[in-house]
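Numbers restart at 1 for each chain; the letters A, B, ... are given by sequence-line order, proteins then strands.
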Amino acid sequence: MAANETPYRYDAARACEIELHWQARWLADGANRAANPGDPGFDASRPKYYILDMFPYPSGAGLHVGHPEGYTATDILTRYKVMRGFNVLHPMGWDAFGLPAEQYAVQTGVHPAVTTRSAIDNFRRQLQRLGFAYDWSREFGTIDPDYYRWTQWIWLRAYHSYYDESRACARPIAELEAQCADEDRATGTDGTPWSKCTPAQRQGYLDTVRLAYIGVQTVNWCPALGTVLANEEVVDGRSERGSHPVFRMPLRQWMFRITAYAQRLLDDLAIVEWPESTRTMQAEWIGRSEGADVQFAVAGFGALTIFTTRPDTLFGATYMVVAPEHPLVEWACAHNPASAADIGGYVTRARNRSDLDRQAESRDKTGIPLGLTATNPATGLPIPIWVADYVLMAYGTGAIMAVPAHDERDFAFATRFSLPIRQVVAAADGTAFSADAAACEAGIACNSSNHELSLNGLPTASAARAMIDWLQSKGCGVRRINFRLRDWLFSRQRYWGEPFPVVFDESGMHYPVSPEALPVQLPTLADYAPVQSDQPLPPLGKATQWVQTTAGAAGVDVRLLDPQTPVRRETNTMPGWAGSCWYYLRYCDPRNSTRFVSKEAEHYWMGDRGVDLYVGGSEHAVLHLLYARFWHKMLFDLGEVTTREPFAKLYHQGMITSFAFERADGTLVATDAVHEVNGGWVETANGAPVTRVIAKMSKSLKNVVTPDEVVAEYGADTLRLYEMSMGPLADSKPWNTRDIAGVFRFLQRVWRLAIDERTGELLLARAPDAAVERLLHRTIHKVAHDIEKLAFNTAIASLIELVNAATRPTAMIDAADGGLTRDQMNRFLRALSPFAPHICEALWEKLGEASSVTTSQWPVVDVAMLVDESIEMPVQIQGKVRARVQVPTAADAAQIEAIVLSDAMVVQAMAGRTAKKVIVVPKRMVNVLV
RNA sequence: AGGCCUGUGGCGGAAUUGGCAGACGCAGCGGACUUAAAAUCCGCAGAGUUCACCCUCAUCCGGGUUCAAGUCCCGGCGGGCCUACCA
C-alpha cells in the first residue's frame with residue numbers, strides 16, 4: 001500500500017539504479033578524461049590543477065571505508081575545479097609489487113601475478129562504484145612491464161650518475177670518468193693513478209660515488225620475511241610489516257646514495273606546503289647535527305676519530321667508547337691477547353643480540369674496557385677506551401668521547417662502571433652542579449683550559465666555536481655536519497618486484513643493461529616462495545635459465561662487453577617503494593613508449609611547483625614521501641623534470657576508526673558480542689556492562705565496514721556524503737552506522753524537493769521565495785569557500801540548511817507552491833553535484849538539461865545577496881548579553897552606539913546607570929560598560 | 001624520556017580565528033497526518049531552578065591577560081600520534 005503511494009521515492013534501489021546508469025555513461029563518454037597539450041580538445045587558456053591520491057596497494061581484502069575518505073575529498077575538489085574552469089588531472093593506479101601481495105600468494109598458493117590482478121580488478125570495481133571522476137584512461141600498475149621499464153630506466157640514470165659536491169647536484173658519471181682519465185687522477189685507497197688501475201679497481205672507485213651503487217653494508221636481515229629491509233622499514237628491531245625479528249649482518253647490496261641529498265631534502269622542506277608535523281618528522285629523520293670530528297691519539301693505533309655536537313665539553317671527556325663493530329676492537333684484541341677473550345665474548349654477545357633486545361635493556365648499560373688509553377687532546381691526559389653497545393657503528397664514526405657530566409647516557413655508563421665525572425659547564429642560572437645527574441643544557445664553560453686555550457666563561461655556543469678553531473689549528477679536529485639519514489638499501493631478496501637492469505661477469509664486475517633493452521622482464525616463476533634461511537637467497541636464483549645468460553641476450557652494450565660473454569643476472573629485486581617514487585610523473589603521460597614522461601606533458605601538469613594537491617595518510621610521512629622527493633631531485637638534477645619538489649601541497653586525511661567495547665578489566669570485546677540496553681551496552685554472553693570506546697577497525701573486533709555494504713544499503717552518494725560530513729578531513733573519526741541515515745534522509749529530501757514521489761513529475765515553484773533566494777546565494781558562496789578549504793563537513797551542513805529551508809510542508813498540495821524554481825533548482829544541483837554527483841545528474845536530466853551537470857559551470861553568486869539591509873546585534877551590559885538590537889548593516893560605530901543606548905531593553909537593563917564606555921564592533925557586538 | 005597534536009551536550013561535530021557557545025546530523029521527546037504503525041512534515045531539546053519568561057552555572061581542572069576567552073598565556077590532569085641510547 002505505502003509503496004504504491006510513493007513509487008518514485010529515492011530509496012536504495014533507485015539510488016543504485018541511478019548511480020550505475022551514470023557511472024556507465026561517464027565511462028562511455030570519457031567524461032573525466034583530461035586532455036594533454038596537443039590532444040584534441042585541449043584548451044590551453046585554462047589553468048591546470050593536478051590532484052593526486054596516494055597510490056593504493058590493492059589487497060585481497062578489497063576496500064574498507066577508510067579508503068574512500070581521501071578519495072571522496074579529492075573527487076569533490078576535482079569536480080569543483082572542473083566546474084571552475086580548470087584543466088584537472090586526477091588519475092588513479094595501482095602500487096602492486098611488494099611484500100604483502102607476495103605473502104598473500106605464498107599463503108594461498110596462487111601466483112602473485114594472478115592474485116594481484118584480481119585484487120586490482122576488485123579495487124577498480126569498488127572505486128568506480130563510488131563514482132569517482134578519475135581519468136581511467138591513465139590507469140596503470142607498477143607491475144605493468146610498460147611501467148617498470150621506466151622504473152628500471154630511472155634506476156639506470158642514477159647508476160650512471162654521481163653527486164658532484166662542488167656543484168651540489170647529480171652529474172653523469174661519464175664526466176667523472178673522463179676527468180679521472182684526463183688528469184690521470186689517483187683514486188682509491190692505494191693512490192694508484194687512473195691509467196694504472198684495473199677495470200675492477202676503476203669500477204670499485206666509481207661505486208664509491210655512484211648514486212645507485214653496490215657495496216657491502218651492514219643490513220637489516222629479516223629471516224622470517226626472507227629479505228633485508230631498509231632502516232625505515234625496521235621499527236623497534238622488528239619488521240614494520242609483520243613484526244618479525246630483524247638481525248644485522250654485512251651483505252653486498254644495491255644502495256641509493258640518498259645521503260648526498262640530505263641537506264637539500266632538509267632545506268626544501270621550507271618550500272612545500274605540507275603539514276608541519278610531517279615536515280618535522282622528515283627533518284628529524286634526516287637528523288642534521290652540527291659539531292666536530294675530533295681525533296684522539298691512541299698509542300700504536302693512530303687516531304681514533306669521534307663525532308661530537310658538544311666540542312665545548314672536550315675538557316670533560318673522561319673516557320671513550322667505541323661500537324662493538326669498530327675496527328679498534330679487533331686491533332685491541334690482536335694487541336692485547338690477555339683480554340682478547342673477554343672482549344671477543346662481549347662483542348659476540350652484543351652482536352647476537354637483536355636490536356630488539358638492546359631495546360629491552362634500554363638504559364642498563366653494558367660494556368668492557370679495551371685495555372687501551374687515548375689522549376684527550378684538550379687536557380693531554382690519558383683516558384680509557386671502552387667498547388659498549390650503546391654506541392652505534394652506523395652513526396657518526398662509531399666512536400664517541402664520553403662526557404659523563406653533561407650527557408645522560410655517558411653519565412649512566414660512568415656511574416655503572418665508576419668512571420670519573422668532570423664538570424666543565426656551569427648552569428647559566430647559577431644552579432650548582434649536582435653529582436647525581438648529567439647537566440645537558442647549554443651553560444657557561446668552566447674547568448676548561450690548558451696552556452694554549454681557555455673556554456672558561458664562554459657560553460656553550462661560542463665555547464664550541466673556540467674549541468673547533470683550536471682543534472683545527474692543532475690539526476686534530478674539524479668542523480663537521482653529520483646526518484642521521486643513511487643510504488637507502490634498495491635490494492630485496494624477494495620475487496615480486498622489479499628486476500635490476502644489471503648483470504655480473506665471472507669476476508663479479510657489474511654491467512648495466514642498455515636502455516633500449518628494457519624492460520628486464522620479471523621471469524614467471526612457479527616456485528616464488530622466499531627461502532627461510534640464515535643467509536639471504538633470492539628466489540630469482542631459482543630461475544637458472546634466466547639468471548645464466550650472455551651479455552648479448554641480457555642487452556648489455558657491445559662496447560662494454562662482448563655479446564657472447566657469459567653473465568649472471570642480478571637476482572635481487574627492487575623494494576615495494578620503487579614504483580611509487582615516480583608514478584605521479586607517469587600519470588602525466590602514461591602511454592608514452594619513448595620516454596618515461598614527455599617533457600611537454602611533465603612541464604604542463606607539474607607546472608612550477610609540482611602536484612597541486614596530494615592527499616594520503618600520514619603513515620607515509622617519512623618513507624614514501626622522502627624516497628619520492630629524493631628520486632625527484634635526482635631527476636631534476638639530470639634535467640628530466642622541471643620542479644625542485646614533486647608535491648607542492650600535502651594533506652593527510654585522518655583515520656576512520658570504529659567503535660569497540662571495553663570490559664571493566666580493559667580488554668576489548670567484539671561488536672557482535674555486545675548489545676544495547678537502554679542507553680548502555682552489555683556483553684551478551686554474561687550481561688556484564690561494557691563501555692563503548694573508539695578503536696581501529698579490525699577483523700578480530702568485527703567492526704570493519706566495507707563500502708560495498710554501505711552502497712548496497714544506501715547508495716554511493718550517501719556513502720560519499722556521510723564520510724565527508726563526519727568531521728574535519730584531517731581528524732580521525734569514528735564510523736557510526738546509525739548516523740548514515742541522516743545524510744540519506746537529506747538526499748531523500750533533495751529528491752522530494754524536485755520530484756513528486758507519487759507521480760515522478762517535476763515539482764517546481766512558480767516564483768522564487770525571496771528568503772530562499774538569498775539563502776541559496778549564501779549557501780553557494782559558503783560551499784565554494786568550504787570546498788577550497790577542504791572543509792566538506794560544514795559545506796554539507798549548509799546545503800542541508802538550504803534544503804530544510806526550501807522544503808515544502810506536507811500539507812502544501814499544489815506543486816507550484818514553495819520549493820525551488822527551475823532556475824534555483826538548477827543552481828542548487830550544480831552546487832551539490834561535487835558531493836553527490838549521481839543524484840544530481842538524474843535530477844539535472846529531469847530538469848531537461850541536455851549535457852551532464854559535471855560539465856556545467858559553478859553557479860554565479862550575486863554578492864549583493866550576501867548582505868542584509870539590517871542585522872541583529874547582541875548588546876552586552878558588563879560583558880553579559882542583555883539585549884538584541886536591529887541596526888542597519890551599513891551603520892558605523894557612532895550610529896550603532898546611538899541606536900543601542902536608546903533601545904528600550906538596553907535602557908531597562910542599565911537600570912538608570914550611565915554608560916562609562918561603549919565598545920562597538922560593527923557587525924559583531926556591542927558591549928556597554930556602566 | 002622527548003617532540004607534535006588534542007580535550008565543547010547522551011553521541012559525531014559547529015563557532016567567520018578574541019565577539020550571541022552548541023550550526024548540521026544521530027539518538028531522544030512532543031504534535032500533525034493515519035483505524036494504527038511506518039514514512040513524512042511541524043516543534044522541543046547543555047545543566048540547574050517553583051511551566052514559561054527571567055536568572056544562575058556551563059567548552060577537562062586551576063590561575064592569568066582582556067570591555068570580552070572554547071579560542072591567547074602559565075601550571076596541572078586525561079587521550080592520540082611520532083621519535084626513542086643519533087653522541
Side-chain angles (χ1 to χ4, degrees), chain A residues 1-3 5-6 9 235-236 275-278 280-281 284-285 287 289 291 306-310 313 321 358-359 361-365 388-392 394-403 407-410 412-413 482-486 618-619 621-622 654-655 657 659 679-680 692 694 721-722 725-728 730-743 745-746 748-749 752 757 782 785 791 793-801 804 807-812 872-881 883-884 916-919 921 923-929:
Chain A
M1 178 75 178
E5 281 178 11
T6 56
R9 226 182 136 83
V235 178
D236 290 347
E276 197 53 47
S277 59
T278 302
T280 303
M281 280 168 68
E284 285 175 356
W285 187 263
S289 41
I306 59 100
F307 173 73
T308 177
T309 55
R310 291 292 299 275
T313 62
V321 187
R358 290 196 193 184
Q359 198 68 43
E361 295 176 25
S362 141
R363 310 276 165 207
D364 269 349
K365 298 278 186 290
D389 65 5
Y390 84 92
V391 172
L392 310 174
Y395 184 78
T397 62
I400 62 156
M401 67 174 195
V403 185
D407 182 283
E408 276 177 36
R409 299 149 301 180
D410 298 343
F413 191 83
N482 197 49
F483 291 95
R484 200 186 85 123
L485 183 71
R486 291 174 226 153
S618 58
E619 67 273 18
V622 174
M655 193 176 18
T657 54
F659 291 121
R692 193 169 77 166
I694 288 167
L721 221 41
Y722 173 61
S725 68
M726 290 170 76
D731 291 4
S732 113
K733 309 162 277 276
W735 184 270
N736 191 355
T737 302
R738 199 184 264 173
D739 289 346
I740 304 172
V743 283
R745 286 200 280 255
F746 163 64
Q748 287 185 311
R749 260 194 321 277
R752 202 177 294 123
E757 295 186 319
K782 176 165 174 58
H785 188 72
N793 54 332
T794 49
I796 292 168
S798 66
L799 286 163
I800 293 174
E801 282 182 82
N804 289 349
T807 292
R808 60 191 107 228
T810 318
M812 203 173 276
E872 187 189 78
M873 281 179 68
V875 179
Q876 297 181 343
I877 313 289
Q878 300 292 74
K880 289 195 186 291
V881 180
R884 289 164 221 284
K916 286 201 193 105
K917 189 176 180 186
V918 181
I919 294 152
V921 184
K923 295 180 187 163
R924 288 276 172 269
M925 69 139 50
V926 178
N927 195 359
V928 181
L929 304 179

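Across the protein-nucleic acid pair, A/Met281 atom CE and B/rC5 atom C1' stand 12 Å apart, rounded to whole Å. Taking atom CD of A/Gln748 as the reference point, atom P of B/rC26 lies 11 Å away to the nearest angstrom. The OH-C1' distance, from A/Tyr390 to B/rA87, rounds to 8 Å in whole Å. With rounding to whole Å, A/Gln878 atom CD is found 18 Å from B/rC20 atom P. The distance from atom CD1 of A/Ile796 to atom P of B/rA23 is 18 Å, rounded to the nearest whole Å. One can place CE of A/Met401 at 12 Å from P of B/rA87, the figure rounded to the nearest angstrom. Going from atom CD1 of A/Ile800 over to atom P of B/rA23 covers 13 Å, rounded to whole Å. As a whole-Å value, the separation of A/Met655 CE from B/rG80 P is 11 Å.
Side-chain nitrogen and oxygen atoms of A/Arg745 include none within less than 4.0 Å of the OP1 or OP2 phosphate oxygen of B/rA39. Note on A/Arg484: a side-chain N or O is less than 4.0 Å away from OP1 or OP2 of B/rA84.
If you check B/rA69 for Watson-Crick or wobble pairing at under 3.5 angstrom, you find it has no partner at all. Under the Watson-Crick and G-U wobble criteria, each requiring two contacts below 3.5 Å, nucleotide B/rC54 is left unpaired. Both distances falling under 3.5 Å, in either a Watson-Crick or a G-U wobble arrangement, occur for no nucleotide opposite B/rA37. The partner of B/rC81 is B/rG3, judged by Watson-Crick or G-U wobble contacts that both fall below 3.5 Å. Base pairing of B/rG75: its partner is B/rC61, meeting the Watson-Crick or G-U wobble criterion (both donor-acceptor distances under 3.5 Å).
Cation-pi check for A/Lys365 over A/Phe413 is not met; the charged atom does not lie both under 6.0 angstrom from the ring centroid and within 45 degrees of its normal.
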Could you write nucleotides 8-19 of chain B as a row of B, S and -, 5' to 3', where a protein heavy atom under 4.0 Å of any base atom gives B, of only sugar-phosphate atoms gives S, and otherwise -?
---SSSS-B--B
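Between the CD1 atom of A/Ile800 and the CG atom of A/Leu721 there is a distance of 7.0 Å, given to the nearest 0.5 Å.
At a threshold of 4.0 angstrom between heavy atoms, the contacts of A/Thr280 with the nucleic acid are absent. Among the protein residues, A/Asp410 comes within range of no part of the nucleic acid, since none of its heavy atoms lies under 4.0 Å from any strand.
For the P atoms, the distance linking B/rA14 with B/rG7 amounts to 10 Å, nearest Å. For the C1' atom pair drawn from B/rA52 and B/rG64, the interatomic distance equals 39 Å after rounding to whole Å. Nucleotides B/rC53 and B/rU8, compared at atom C1', are 27 Å apart to the nearest Å.
Side-chain atoms of A/Asn793 never come within 3.5 Å of backbone atoms of A/Met726 as a donor-acceptor pair (strictly under, hydrogens ignored).
Against the 90° criterion about 0, the sugar-base torsion of B/rC51 places it in the syn range. In this structure, B/rU17 shows a glycosidic angle within 90 degrees of zero, which is the syn conformation.
Nucleotides of RNA chain B nearest to A/Gly398 and A/Pro874 differ in position, and the one nearer the 5' end is that of A/Pro874.
Checking B/rC4, B/rA84, B/rA87 against the side-chain heavy atoms of A/Trp285 singles out B/rA84 as nearest. The nucleotide whose nearest atom lies closest to any side-chain atom of A/Arg9 is, among B/rU40, B/rC41, B/rC20, B/rU40. Distances from the side chain of A/Thr807 to the nucleotides B/rC41, B/rC24, B/rU40 place B/rC41 closest.
Minimum heavy-atom separation, A/Thr278 to A/Ala621: CG2-CB, 3.7 Å.
Under the side-chain contact (heavy atoms from CB on, under 4.5 Å) criterion, A/Asn736 pairs with A/Phe659, A/Arg692, A/Tyr722, A/Arg738, A/Asp739, not counting sequence neighbours.
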